[in-house]
Amino acid sequence: MMRFTQFEDDAVTVARNLLGQRLVRVFDGERLSGTIVEVEAYLGLHDAAAHTFNGRRTARNESMYLPGGHAYVYMIYGIHHCLNVVCGAAGDGTAVLIRALEPLEACETMLRNRVGGRTLRRELKKHDLCSGPGKLTQAMAIDRDFDGESLTDSSRLWIEQEVVSVAHDSIVSSPRIGVDYAGEWAKEPLRFFLRHNVFLSC
DNA sequence: CTAAAGATTGGCT
DNA sequence: GCCAATCTTTAGC
């Protein structure tokens with residue numbers, strides 16, 4: 001197994017390279033994992049959709065200024081957590097949001113985590129497990145405690161390099177989701193996902 | 001101090 | 001397609 005460590009590139013490069021790699025979380029001594037199938041790039045201080053826009057620096061987004069390879073985890077809508085991988089050099093404020101996974105290992109545990117957090121009435125299918133940024137963090141029990149975690153050193157959260165890389169022409173791009181407040185930046189094709197994949201958020 | 005909004009999700013019409 | 005849930009963060013006064 002090779003750990004993925006190429007986090008120092010720009011966010012778009014990292015975003016594209018992360019597709020097809022495996023996010024691994026050790027939870028209660030068990031390996032939970034999934035293939036990354038959907039991501040979004042946030043380009044830093046000049047990107048109106050990024051939390052670091054205009055150099056904004058607060059307690060919440062501080063870890064987004066760490067060197068590439070660290071996690072930036074924040075709570076959204078008071079309910080969900082979102083997992084980002086910081087890119088570039090220290091101070092860049094760039095990151096990639098992990099938006100969806102194809103569940104691979106310990107699906108039963110991830111299912112339990114999903115149902116446990118909030119009561120769901122309908123039965124959860126495999127494609128409902130990690131098909132959104134808030135869903136995958138709930139399935140993998142990732143919260144603010146992981147903010148600033150080093151994905152190159154951590155023994156509970158990291159990314160593994162798959163042997164076979166994703167074909168260039170199977171990567172599709174679109175505008176990012178839920179960033180309408182960002183004006184022209186909302187239109188930039190900075191969401192990347194695997195074509196025809198069943199496990200996407202939308 | 002107060003208010004408003006948010007890189008979402010699930011349930012209901 | 002619409003809307004509530006739920007609460008932290010941030011901007012503004």
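First the proteins, then the strands, lettered A, B, ... as listed; each starts at 1.
As judged by a 4.0 angstrom heavy-atom cut-off over every strand, A/Thr58 is placed among residues touching the sugar-phosphate backbone only. No contact: A/Arg176 has no heavy atom under 4.0 Å from any strand.
Between B/dT9, C/dA11, B/dA7, one nucleotide has an atom nearer to the side chain of A/Arg56 than all others, and that is C/dA11. For A/Tyr72, whose side chain is taken as the heavy atoms from C-beta onward, the closest listed nucleotide among B/dG10, C/dT6, B/dA7 is B/dA7.
Between A/Asn113 atom CG and B/dT9 atom P there is a gap of 16 Å when expressed in whole angstrom units. To the nearest angstrom, P of B/dA5 lies 15 Å from CZ of A/Arg60. As a whole-Å value, the separation of A/Asp143 CG from C/dC7 P is 15 Å. If you measure from atom CD of A/Glu62 to atom C1' of C/dT8, you get 17 Å, rounded to the nearest angstrom. The CE-P distance, from A/Met75 to C/dC7, rounds to 8 Å in whole Å. Atom CD1 in A/Ile79 sits roughly 15 Å away from atom P in B/dG6 (whole-Å rounding). Look at CG on A/Leu200: it is 17 Å from C1' on B/dA7, rounded to the nearest Å. The nearest whole Å value for the distance from the NE2 atom in A/His51 to the P atom in C/dT10 is 9 Å.
Checking each of A/Val37, A/Leu32, A/Leu136 against A/Leu101 for a side chain to side chain contact (heavy atoms under 4.5 Å, CB included) leaves exactly one that passes, namely A/Leu136.
Of the residues in residues 181-196 of chain A, those placing a heavy atom less than 4.0 Å from an atom of DNA chain B are A/Tyr181, in numerical order. Contacts with DNA chain B (heavy atom under 4.0 Å) in residues 83-96 of chain A: A/Asn84, listed by number.
The shortest heavy-atom contact between A/Ser33 and A/Met110 is O-CE, 3.6 Å.
Using a 3.5 Å distance cut-off with no hydrogens or angles, the side chains of A/Ser170 and A/Arg195 do not pair a donor with an acceptor.
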Salt bridge (Lys or Arg N to Asp or Glu O under 4.0 Å) between A/Glu105 and A/Arg22, intermediate numbers included: CA-CA 10 Å; A/Glu105 298 171 76; A/Arg22 180 184 304 220; 2.8 Å; yes
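Ion pairing between a basic and an acidic side chain is recognised when a charged N comes within 4.0 Å of a carboxylate O; A/Glu160 and A/Arg3 show no such pairing. Salt-bridge check for A/Asp147 with A/Arg144: passed, with a basic side-chain N closer than 4.0 Å to an acidic carboxylate O. Looking at A/Arg176 and A/Glu188, no side-chain N of the basic residue comes within less than 4.0 Å of a carboxylate O on the acidic one, giving no salt bridge. Remark: A/Asp28 does not engage A/Arg156 in a salt bridge, criterion side-chain N to carboxylate O under 4.0 Å.
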Which atom pairs, one a donor and one an acceptor, fall under 3.5 Å between side chains of residues 13-20 of chain A and the rest of the protein, sequence neighbours left out?
unit_1, atom_1, unit_2, atom_2, d
A/Thr13, OG1, A/Asp10, OD1, 2.6
A/Thr13, OG1, A/Asp10, OD2, 3.2
A/Asn17, ND2, A/Thr13, O, 3.3

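Atoms CD1 and NE2, from A/Ile142 and A/His81 in turn, are 10.5 Å apart once rounded to the nearest 0.5 Å.
Put simply, A/Arg99 has a side-chain N or O that comes within less than 4.0 Å of OP1 or OP2 on B/dT8.
If you check B/dG10 for Watson-Crick or wobble pairing at under 3.5 angstrom, you find it paired to C/dC3. Pairing partner, C/dT8: B/dA5, with both Watson-Crick or wobble hydrogen-bond distances short of 3.5 Å.
Look at the P atom in both B/dT2 and C/dT6: the space between them is 23 Å, to the nearest Å.
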